[in-house]
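Since the structure comes first, as structure tokens, the remarks are kept for the end.
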Amino acid sequence: LMEYSARGLLDDQAQSMVNSVAAGDVEGYVRCIRQMGKKGHTSGLDFATGATVGLCVATDRLCGTEALDGIAGPAGRL
């Protein structure tokens with residue numbers, strides 16, 4: 001995302017979402033998701049969902065909580 005932003009390919013709403021994560025601003029992140037949900041038919045929600053799942057997986061791994069291990073089921077780890 002940082003590379004896309006540097007090339008001007010990341011819009012303001014997505015950049016705000018990334019910035020809120022970097023700042024640890026949960027309320028700001030939720031506001032961004034609400035705003036992105038209004039974009040296009042599903043593209044905003046698709047991006048917000050993917051970013052949120054990625055953030056949850058990264059946090060789960062970095063913190064060692066392994067809270068998501070049960071979700072993967074027979075398909076393996078996320």
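Starting from 1, each residue takes its place in the sequence as its number.
Rounded to the nearest 0.5 Å, atoms CG (Asn19) and CG (Asp25) are 10.0 Å apart.
Side-chain atoms of Tyr29 do not come within 3.5 Å of backbone N or O of Val18 as any donor-acceptor pair. A donor-acceptor pair under 3.5 Å is formed between the side chain of Ser20 and the backbone N or O of Met17.
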Problem set entry | Residues Met36, Leu45; criterion side chain to side chain contact (heavy atoms under 4.5 Å, CB included); working and verdict | CA-CA 6 Å; Met36 290 190 81; Leu45 286 177; over 6 Å; no
Exercise. Checking side chain to side chain contact (heavy atoms under 4.5 Å, CB included) for the pair Phe47/Gln13: CA distance, chi angles, key distance, verdict?
Worked result: CA-CA 11 Å; Phe47 180 86; Gln13 289 176 334; over 6 Å; no
